[in-house]
Each structure stands twice: as structure tokens, then as C-alpha cells.
A.B. asks: 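Questions regarding the structure given below will be posed in turn.
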Amino acid sequence: MTGLKPRDFVWVIAGRLAVSQRIGGYGFQHRRVRREEEIIWLRDNAKINTLVSLLTGNQNISAYEEAGFAVTHEPLATELKVASDVPRVLKAISAALAPSNAVVLIHRDLVDETLAGLLAAYLISSGMVGDPIKAAAVIQEILGRPLGPEARTMMSVAVR
């Protein structure tokens, strides 16, 4: 096995924080062999050592742990409770990035509006980008997609 780059993998903070779709695919597209190949690629090529899973269930957690990754599972329901879910996930991302050698991948089934909003909110809450408009522009550029009202609502939690 040589490894396979996960779909929609992109660095948000070069060498420190990346994002991708669910490892191995989501729904009926999920394949064990694909998951194994993507885990190899993450470990050997991207040097990821910590995973933050936002899946609603505990899919893949044991596979990640067996591969030697530190894993944080912060399940996000389809119906997001912005006031409670966003701070919880931002805290989990900060904790995952706390060790100076941590290289973190955060994922959900898809790189969607929710994940984009959380990443923009993280840039604001961490102090990396102070202006919400600039944080939105940065994430839009990195992910190659516009942020909608749901993402901008999540960013407002980080500004408080």
C-alpha cells in the first residue's frame, strides 16, 4: 500500500491543521481499503498525528487509534446548536493543537458549510485572524467555496 490522499484534503494552517472528507469516504461510498490507504497517506505524507472527528457516530475511531493517531471525537448532529456546539468544537481544536508537535486533521462526512464555518470561527477565536470578514475570505480561498449564512452565524460565536 502506498497511500491515497483523502478527498478534499487541504491545509488550513500549513503543517499544523488540515481538513478533509471522512477518511475512507462517507455513506455507501465508504470502503475499508480506501480508509486504510488514506490513513497511510495521512501518516506518511502529511505527517498527521492527531484526528478530530466531527462525525455523529464513532465510525473509524478504532481504525485511527490502531494506526497510532491521537483521536478526539466531537460529534456534531445535523441540526447544529450554534451556542453550545461551536464553542465545544473550538475548544477541542485548540486542545488538539496544544502540543507543539501536533499535526491535526479535522473531518466530517463532507467539507461542508458547517466545517467551513467552524474553521473560520477557529481562526477568529485563536487570534490568528481578528477580523471576521478576513477570516471568511481566508477560509473561502483555502476551501474554494463561499461561506453562507450558517457559517457566518458560527463565526459570530467566536467574535463574542
Side-chain angles (χ1 to χ4, degrees), residues 1-78 80 85-126 128-129 135-147 150-151 154 158:
M1 291 188 183
T2 58
L4 179 67
K5 185 177 180 180
R7 290 186 184 167
D8 294 335
F9 178 92
V10 65
W11 289 106
V12 177
I13 302 169
R16 289 281 288 159
L17 178 64
V19 63
S20 77
Q21 287 187 9
R22 177 182 169 188
I23 309 306
Y26 67 97
F28 68 88
Q29 297 177 344
H30 185 83
R31 300 287 182 268
R32 181 178 175 196
V33 171
R34 178 177 156 194
R35 180 183 68 211
E36 292 170 355
E37 289 284 342
E38 291 179 353
I39 284 173
I40 290 168
W41 189 89
L42 289 169
R43 187 185 59 224
D44 297 348
N45 294 292
K47 308 299 182 199
I48 299 289
N49 57 23
T50 305
L51 288 160
V52 177
S53 172
L54 303 179
L55 297 175
T56 55
N58 62 356
Q59 303 96 330
N60 292 359
I61 300 296
S62 62
Y64 299 156
E65 291 171 341
E66 288 173 15
F69 294 115
V71 180
T72 299
H73 183 216
E74 290 293 333
L76 277 183
T78 305
L80 190 70
D85 289 338
V86 172
R88 177 174 56 87
V89 172
L90 295 179
K91 186 175 178 179
I93 296 170
S94 294
L97 286 168
S100 61
N101 65 343
V103 182
V104 177
L105 174 75
I106 183 167
H107 76 81
R108 222 170 165 220
D109 278 336
L110 298 169
V111 178
D112 59 4
E113 176 83 358
T114 299
L115 198 46
L118 288 167
L119 292 169
Y122 177 74
L123 293 180
I124 297 166
S125 70
S126 68
M128 289 184 206
V129 180
V138 166
I139 293 300
Q140 288 177 137
E141 181 70 24
I142 290 171
L143 299 181
R145 57 171 291 149
L147 298 186
E150 181 185 343
M154 288 185 261

A.B. asks: Assess the pair Tyr64 and His107: is the distance between their ring centroids shorter than 6.0 Å?
C.D. replies: yes
A.B. asks: If I take atom CD from residue Gln59 and atom CD1 from residue Ile23, how far apart are they, to the nearest 0.5 angstrom?
C.D. replies: 12.5 Å
A.B. asks: Determine whether a donor-acceptor pair (N or O, by modelled atom type, separation under 3.5 Å) exists between the side chain of Arg145 and the backbone of Val111.
C.D. replies: yes
A.B. asks: Is there a side chain to side chain contact (heavy atoms under 4.5 Å, CB included) between Phe69 and Leu42? Walk through the geometry before answering.
C.D. replies: CA-CA 10 Å; Phe69 294 115; Leu42 289 169; 4.2 Å; yes
A.B. asks: Which heavy-atom pair separates Ala18 from Ile48 by the least distance, and what is that distance?
C.D. replies: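 Answer, listing the atom of Ala18 first, then Ile48: CB-CD1, 4.4 Å.
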A.B. asks: Quick one, Leu115 and Leu143 - any side-chain contact, counting heavy atoms below 4.5 Å?
C.D. replies: no
A.B. asks: Report the distance from atom CG of Leu51 to atom NE2 of His73, rounding to the nearest 0.5 Å.
C.D. replies: 12.0 Å
A.B. asks: With Arg7, which residues qualify under side chain to side chain contact (heavy atoms under 4.5 Å, CB included), at least two apart?
C.D. replies: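 For Arg7, the residues satisfying side chain to side chain contact (heavy atoms under 4.5 Å, CB included) (neighbours in sequence not counted) are Gln21, Gln29, Arg34.
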A.B. asks: Roughly how far, to the nearest 0.5 Å, is the OG1 atom of Thr114 from the CG atom of Asp85?
C.D. replies: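 Interatomic distance, Asp85 CG to Thr114 OG1, rounded to 0.5 Å: 9.5 Å.
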A.B. asks: Any idea which heavy atoms bring Ala135 and Val129 closest together, and the distance?
C.D. replies: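 In this case the closest contact between Ala135 and Val129 is N-CG1, 3.4 Å.
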A.B. asks: Go through Met128 and Val138 one step at a time and tell me if the side chain to side chain contact (heavy atoms under 4.5 Å, CB included) criterion holds.
C.D. replies: CA-CA 11 Å; Met128 289 184 206; Val138 166; over 6 Å; no
A.B. asks: Taking all heavy atoms of Ala102 and all of Leu97, pick out the closest pair and write down the distance.
C.D. replies: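 The answer is CB-CA, 4.2 Å.
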A.B. asks: Kindly indicate whether the side chain of Ser125, heavy atoms from C-beta on, has any atom under 4.5 Å from the side chain of Lys91.
C.D. replies: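 Counting from C-beta outward, Ser125 and Lys91 never come under 4.5 Å.
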A.B. asks: Can you see which heavy atom on Ile139 is nearest to which on Ala116, and at what distance?
C.D. replies: CG2-O, 3.7 Å
A.B. asks: Tell me if a side-chain donor or acceptor on Arg16 pairs with a main-chain N or O of Ser100 at a distance below 3.5 Å.
C.D. replies: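 Indeed, once roles are kept as given, a pair shorter than 3.5 Å links the two residues.
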A.B. asks: Donor-acceptor pair, distance only, cut-off 3.5 Å: does the side chain of Asn49 make one with the backbone of Val103?
C.D. replies: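 Yes: the side chain of Asn49 pairs with the backbone of Val103.
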A.B. asks: Are any of the side-chain heavy atoms of Leu55 and Asp109 separated by less than 4.5 Å?
C.D. replies: yes
A.B. asks: Do Tyr122 and Ile106 touch side chain to side chain, with heavy atoms closer than 4.5 Å?
C.D. replies: no
A.B. asks: With a 4.5 Å cut-off on side-chain heavy atoms, are Leu118 and Arg108 touching?
C.D. replies: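 Arg108 vs Leu118: side chains apart.
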A.B. asks: Working to the nearest 0.5 angstrom, can you tell me the gap between Arg22 CZ and Asp8 CG?
C.D. replies: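 Arg22 CZ to Asp8 CG: 15.0 Å, rounded to 0.5 Å.
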A.B. asks: On a heavy-atom basis, which atom in Ala151 and which in Gly117 lie closest, and how many Å separate them?
C.D. replies: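 Ala151 and Gly117 have their closest heavy atoms at CB-CA, 3.5 Å.
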A.B. asks: Kindly compute the distance separating CD1 (Ile39) from CG (Asp44), expressed to the nearest 0.5 Å.
C.D. replies: 11.5 Å
A.B. asks: How would you list, by chain and number, every residue that makes a salt bridge (charged side-chain N to carboxylate O under 4.0 Å, His left out) with Arg31, sequence neighbours excluded?
C.D. replies: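 Arg31: no salt bridge (charged side-chain N to carboxylate O under 4.0 Å, His left out) contacts found.
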A.B. asks: Could you give the distance from CG (Asn101) to OG1 (Thr50), rounded to the nearest 0.5 Å?
C.D. replies: 7.5 Å
A.B. asks: Of all heavy-atom pairs between Leu147 and Gln140, which one has the smallest distance, and what is that distance?
C.D. replies: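 Heavy atoms only, the tightest pair is N-OE1, 3.0 Å.
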A.B. asks: Any side-chain heavy atom of Leu119 within less than 4.5 Å of one from Leu17?
C.D. replies: yes
